[in-house]
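Values reported hereafter were calculated over all heavy atoms of this structure, with side chains retained and with hydrogens, waters and symmetry mates removed.
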Amino acid sequence: MATQETADNTVLESNAARRQRYEALVRDYYQDIYRYACWLTRHKPLAEDLTQETFMRAWRAFSSLKSQDSAKAWLFTILRRENARLYEKQRPELDDIDEHEMALPDAGHLEPDQQMEANLLHKAILSLEPEYRIPLALQVIGGFSGEEIGAMLELNNNTVMTRLFRARNKLRALLDGSNEQD
Amino acid sequence: MNKIDDTQLDQLLNNIMKAPVPPADLQQKLLMVPALAEAADLQATMASNDSVWRRTVPVAACLGLLLLMAHRFQPMPTAELEAEILAHVYAEERFFASSDHITLQDMNARMEKAIHAHLDASPATEALDVHLAKDCWLAQAVSMHLILTGDTGPVSVLMIPADVADHATTFADDRFSGTITPIEGGTLVVLGNRQEPVAKYLNLINDHMQWDY
């Protein structure tokens, strides 16, 4: 009887601890996950749905998360797979982006020149091909290294670094081209 | 405009790619995922390619209505509830040392948002020294956790908007002792050091707590 009670308490404590670990995960990462979803889908309502799907999947697979240290990469990987599973097949990469939907928030502190530059870069990122935009988002939003991005996207480190380099060059060329026209 | 260097480009990328702001209610929705997952399990035949929220809201709404009709949640086994409360308070222990002071007005704003309830203004409630007022997930409900300065140390007040206890009970471990009390509209838990006279906080809160329905 006492043994059963102890076993029950252990299970109960572990359920409570599991829920608390999940809550900590939400608080720590939901903003970055949502941002990554925005750049992956280029559509905010879809990004919100995808974020919810990601955390639903994460909760169901919570026992497979072995270490809190790997939680962030784990969530980003789930998100990319959920996007592929749920949306990519039914919703091919959009040619026309709803720019109003993905508009850059007003940054009142910027000078007009800087605001124009920011808007230009924002549009340029949105128009990057996914093979460049996704590693860039993982690096900038997630803070992941080339090797970590490679593991997530199933690419080798050299390929990731090349794509990151080219992504920046494409963006720089767009900005510089615009500057020269000015 | 001049050509930008690597540092400027990185700074711009950082600002722009981190600009999207999540909807205000997204965090709350994500915190409800464990409960929604349980509800969704009951409806496994529903469309698999719809969003989690749209898929589970009807289920959750039905469950919510049933629970309300049944005068809110079914009582939990006492040992389970006590274990969950103690685990929660230990997990939030880092807030005990906070030197913040939260006004009654601010606390009520947070309570209204989380559990649709508030404390009446009175000299006694105004005098409460509240360090923390945050929503939390407890006993399968979005609840409110207050941390007050007690006579012997921090006192946790947990307001659960659900009938998770069918009778008043006291409980303790090596460090804390507390009470779980069914009240009109939900369940009130007060927990402090073993020497803390928690009954006075229980009575004070219970006397001044108002639900919005």
Checking [X] against chain B: side chain, backbone, both or neither under 4.5 Å from a heavy atom?
{"X": "A:Val140", "value": "both"}
{"X": "A:Ile141", "value": "both"}
{"X": "A:Ile33", "value": "neither"}

Taking every heavy-atom pair that is under 4.5 Å apart, which of A:Phe55, A:Tyr22, A:Tyr36 has the most such pairs with chain B?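 Max contact count across the listed options: A:Tyr22.
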Which heavy atom of B:Pro34 sits nearest a heavy atom of B:Leu30, and at what distance? CD-O, 4.1 Å
Contact origin within B:Asp10 toward chain A - heavy atom pairs under 4.5 Å: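 Answer is side chain: those atoms of B:Asp10 sit under 4.5 Å from chain A.
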Within the 4.5 Å heavy-atom criterion, are A:Glu48 and B:Asp25 side-chain neighbours or not? yes
According to the side-chain hydrogen bond (donor to acceptor under 3.5 Å, both in side chains) rule, which pairs have a member within residues 25-34 of chain A, sequence neighbours left out?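 Those involving residues 25-34 of chain A are A:Asp32-A:Arg35.
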Output every pair passing side-chain hydrogen bond (donor to acceptor under 3.5 Å, both in side chains) with a member in residues 101-114 of chain B, not counting sequence neighbours, ordered by first then second residue.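 The answer is B:His101-B:Asp129, B:Asp106-B:Arg110, B:Glu112-B:His118.
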Should we count OH of B:Tyr90 as having more than 12 external heavy atoms under 6.0 Å?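 Yes, enclosed.
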